[in-house]
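So the structure is just underneath, and the comments pick up after that.
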Amino acid sequence: MFLEYSGRVTKAIQDKTGESDPCLVDGGEHGDLASTIAFALAKRERTSPVRIALDLAKDLGARPDLTGIQVSATGPYLNFVFGEGYLRDSIREAVKPGYGTLPAREGRVVIEHTSANPNGPLHVGHIRNTIIGDCLTRAFRKAGYRVETHYYVNDMGRQIAIVAWAVDRYGDGDPGEKGDDRIARAYIAANRDLEGKPEAVSEIDRLMQKVEAGDPEVTKKFRTAVTTCLDGIKKTLLDLGVSHDRFIWESDFVRNGDVGRVLSRIRRLEEYREDETIWLDLSAQGFKKPYILRRSDGTTVYAARDIAYHIWKARNFSRIIDVLGADHKLIGAQLVTTLGILGETTPTIVHFEFVSLPEGSMSTRQGKFVSADALMAEVAARAYDEVTNRRTELGEEPRRAIARAVSIAAIRYDMVKISPEKSMVFDWKEALDFERQSGPYIQYAHARACSILEKAGPFAHAYEFGDPQEIALAKAIARFPAVVERVTVELRPHLLAAYAHELANLFNTFYQHLPVLKSEGRTRESRLTLVSATENTLKEALLTLGIDALGTM
RNA sequence: GGGCUUGUGGCUUAGCCAGGACAUAGCGCCGGGCUUCUAACCCGGAUGCCGGGGGUUCGAAUCCCCCCAGGCCCGCCA
């Protein structure tokens, strides 16, 4: 209901003042919404902002389209207080299944995320990408978009050639072990062996040339190695609660001729340069370095295939979103620029900064990383101890199930709560913390609400909210759809994480101060309605974050 | 060296793009609260020249310039 009310205020201010920007700010203690437009008008009309605010408050307060909204001026500020119908209507909406889902929209969105090279298991850096991408996907779906998610599989780069070469030499390990771990072992060993051995490096080059030319035997080797690794990665993603609609194999764009077609299109651009290599001169667009598309041996580099992939996406989707690490900023900007020159729909790239270990950056090649599997196992073990301490009456299996859900909540929330542009150092202590600013804290508030509702039995909905804790909680619930909207506009899923925490916090305060089951009559019904709305909103928020909304824990 | 980016109480962090009314929350610290709906909880307290310096503005954590510190990028890697 917040979206509707703030929309009405925006229109009324625009209509009354002729300004396009209503200068809306958070009202804080003064109201549900405020406007600083009097400052802007004061300059133009050369009068005091206090006088303008006063006049505006009088005029706006009398407008029929602002019925149910009280307008006042405090100094130069315009304050808007939403009437009691606001909370009633909001909570009436909030108890309905699927609360927060926005009306369906036109067009299809493609979100590419994770896309880690299949040369080893996903580590804690990769899953920052995964979790941001998956939360964005869920938020877009909640906001009414049709979304398809992609994992772009690099199955023909140099690193994969090294993997294929390594598997050829040392085999791919014990089939009882996860494929990504087996491939990592081969990859790490190969990198060690390749050091200072130019003849081995030229073997790798030859493999890449053969794959590009479509040599069936080498292609099969690459595909087998990639599949082995990808099987393990898919298992990890599944454990994290993430699934991709499609895995797009890079080599497909070479085999189906798209890459060749891209190169001939690019040949006609004025930025086109060809010496022993093929590259684009984007210096007019501010790029000092050449954007190389084809090596001197005739094989294409990643960039060429990426352009082909993105043109394909542009033809099939109305909006393209890529979640990429900050190390891809330059190449990403070059890609966007090139697609722009070609007149294709350009992707919006969401960059996130690196996750490092206290001892330095992670490296698959050197085997220096904390794998997502290890993280999940450790956190789940810790969660299991916690559940066992609290719920002695529960059997083994239910405790394991709760611990699993709690551990994924802790991991996902820790990753998504930090702004993507902030680099982070992985910290075991923080990862194993289930209190306060954590996923389990929010799950716990939800479980509490479930417990009350279960004990309450059937009740009639009522909407009388007078206590400050009730009002604060109801107002937060009313904002949920606006938060979903904002996440998709700003492409910042951490806003949802912050919102869910705030809501859980307000519910815990309410829970602490106001009895629900022991209250009576209309008060009991209203509070139960509020608990039900909270439960539903927390559930929807958690689901959008990709976290299980447990009924008990 | 050039480009991008981050710098907010002891630590972690929101707010910055779209400048406004006392800068957000968590950890840690100090002090309280479980015969009462799940204490993975709640309440209270201490702690901030918002990296530094200039500027724009009625008003700057937020915009501009310079400087300092960290991260990332600058490959016929991805």
Side-chain angles (χ1 to χ4, degrees), chain A residues 21 23-30 34-36 38-40 42-43 48-49 74-77 79 115-117 119 154 157-160 205 250 276-279 286-290 292-303 305-306 325-331 333 351 353-354 356 361 383 386-387 389-391 406 410 417-419 421-425 427 429-430 433-445 447-456 490 494-495 497-498 501-502 504-505 507-519 527-528 531 552-553:
Chain A
D21 178 7
C23 302
L24 294 183
V25 293
D26 180 31
E29 70 199 62
H30 304 280
S35 169
T36 60
F39 289 109
K43 186 161 286 181
S48 95
T74 312
Y77 295 92
N79 292 310
S115 302
N117 287 336
N119 55 5
N154 165 18
R158 178 167 294 274
Q159 294 172 68
I160 303 313
D205 288 342
E250 196 181 4
E276 57 278 18
T277 66
I278 289 178
W279 55 285
F287 297 97
K288 291 175 184 162
K289 297 283 173 174
I292 292 169
L293 303 177
R294 204 177 76 178
R295 300 183 183 92
S296 53
D297 67 1
T299 59
T300 54
V301 295
Y302 165 87
R305 297 166 234 139
D306 210 17
D327 54 337
H328 286 64
K329 274 187 182 176
L330 176 60
I331 195 97
H351 288 289
E353 283 290 340
F354 268 41
S356 58
S361 10
E386 196 74 33
V387 180
N389 284 336
R390 294 160 188 280
R391 303 294 300 275
V406 165
K417 76 179 178 191
I418 307 292
S419 303
E421 66 272 15
K422 226 133 181 168
S423 57
M424 52 199 288
V425 177
D427 179 1
K429 196 168 146 244
E430 230 166 275
D433 180 17
F434 305 145
E435 292 179 359
R436 286 297 214 148
Q437 217 160 61
S438 75
Y441 172 85
I442 302 162
Q443 287 178 307
Y444 188 69
R448 271 181 157 174
C450 286
S451 172
I452 292 177
L453 293 171
E454 197 190 341
K455 292 194 165 102
E490 300 187 21
H494 80 279
L495 296 171
H501 176 264
E502 188 195 340
N505 199 359
F507 177 68
N508 280 331
T509 301
F510 162 88
Y511 173 92
Q512 195 72 29
H513 293 92
L514 304 174
V516 177
L517 296 176
K518 289 194 173 133
S519 58
R527 287 184 183 163
L528 278 170
V531 172
T552 178
M553 54 191 287

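The chains referred to below are lettered A, B, ... by the order of the sequence lines, with proteins before strands, and numbering in each begins at 1. The figures here come from the full heavy-atom set of this structure, side chains too, leaving out hydrogens, waters and symmetry mates.
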Original post:
Choosing from B:rG7, B:rC37, B:rG71, which nucleotide comes nearest the side chain of A:E353?
Top reply: B:rG71
**OP:** Would you mind classifying the nucleic acid contact of A:E276 as base, sugar-phosphate or nothing, using non-hydrogen atoms under 4.0 angstrom?
**Re:** base
Original post:
Taking atom C1' of B:rC11 as reference, at what distance in whole Å does atom CD of A:Q437 sit?
Top reply: 13 Å
Original post:
When all nucleic acid strands are considered with a 4.0 Å heavy-atom cut-off, which category describes A:A447: base, sugar-phosphate, or nothing?
Top reply: base
Original post:
Atom OG1 in A:T300, atom CD1 in A:I278: separation rounded to 0.5 Å?
Top reply: 10.0 Å
Original post:
Is the base of B:rA39 touched by the side chain of A:N508 through a donor-acceptor pair closer than 3.5 angstrom?
Top reply: no
**OP:** Have a look at A:S296 and say if it touches a base, only the backbone sugar-phosphate, or nothing, with a 4.0 Å heavy-atom cut-off.
**Re:** base
Original post:
Within the structure shown, what part of the strands sits under 4.0 Å from A:M424 by heavy-atom distance: base, sugar-phosphate, or nothing?
Top reply: nothing
Original post:
The side chain of A:H513 lies closest to which of these nucleotides: B:rC42, B:rA21, B:rC77?
Top reply: B:rC42
Subject >> Separation of atom CD1 in A:I418 from atom P in B:rA25, rounded to whole Å >> reply: 16 Å
Original post:
What is the distance, rounded to the nearest whole Å, between atom CZ of A:R436 and atom C1' of B:rA39?
Top reply: 12 Å
Original post:
Within the structure shown, what part of the strands sits under 4.0 Å from A:E490 by heavy-atom distance: base, sugar-phosphate, or nothing?
Top reply: base
**OP:** Describe the nucleic acid contact of A:L514 in one word from base, sugar-phosphate, nothing, applying a heavy-atom distance below 4.0 Å.
**Re:** base
Subject >> Selection from B:rC77, B:rC41, B:rG71 that lies nearest to any side-chain heavy atom of A:Q159 >> reply: B:rC77
Original post:
With a 4.0 Å cut-off on heavy atoms, is A:R527 in touch with a base, just the backbone sugar-phosphate, or nothing at all?
Top reply: nothing
Original post:
Rounding to a whole Å, what distance do you find between A:R448:CZ and B:rA39:P?
Top reply: 5 Å
**OP:** For A:F354 and A:D327, run side-chain contact (heavy atoms from CB on, under 4.5 Å): C-alpha distance rounded to whole Å, both residues' side-chain angles, the deciding distance at 0.1 Å, then the answer.
**Re:** CA-CA 8 Å; A:F354 268 41; A:D327 54 337; 3.5 Å; yes
Original post:
Checking A:R448 against A:F507: charged group under 6.0 Å from the ring centre and within 45 degrees of the axis?
Top reply: no
**OP:** Scan A:V531 against the nucleic acid and name what it touches under 4.0 Å (heavy atoms): base, sugar-phosphate only, or nothing.
**Re:** nothing
Original post:
Between A:S438 and A:D433, is any side-chain donor less than 3.5 angstrom from a side-chain acceptor?
Top reply: no
Original post:
In whole angstrom, what separates A:F287's CZ from B:rG3's P?
Top reply: 14 Å
**OP:** Could you tell me whether A:H30 contacts a base, only the sugar-phosphate backbone, or nothing, with contacts defined as non-hydrogen atoms closer than 4.0 Å?
**Re:** base
Original post:
Expressed in angstrom and rounded to an integer, what is the separation of A:F434 atom CZ from B:rC41 atom C1'?
Top reply: 16 Å
Subject >> Touch class at under 4.0 angstrom, heavy-atom based, for A:I160 against every strand present >> reply: nothing
Original post:
Among B:rC73, B:rC37, B:rC76, which nucleotide sits nearest the side chain of A:D327?
Top reply: B:rC73
**OP:** Using atom CZ of A:F510 as one end and atom P of B:rC42 as the other, report the distance to the nearest whole Å.
**Re:** 15 Å
Original post:
Between A:E421 (CD) and B:rU13 (P), how many Å, whole number?
Top reply: 11 Å
Original post:
To the side chain of A:N117, which of B:rC42, B:rA78, B:rC76 is closest?
Top reply: B:rA78
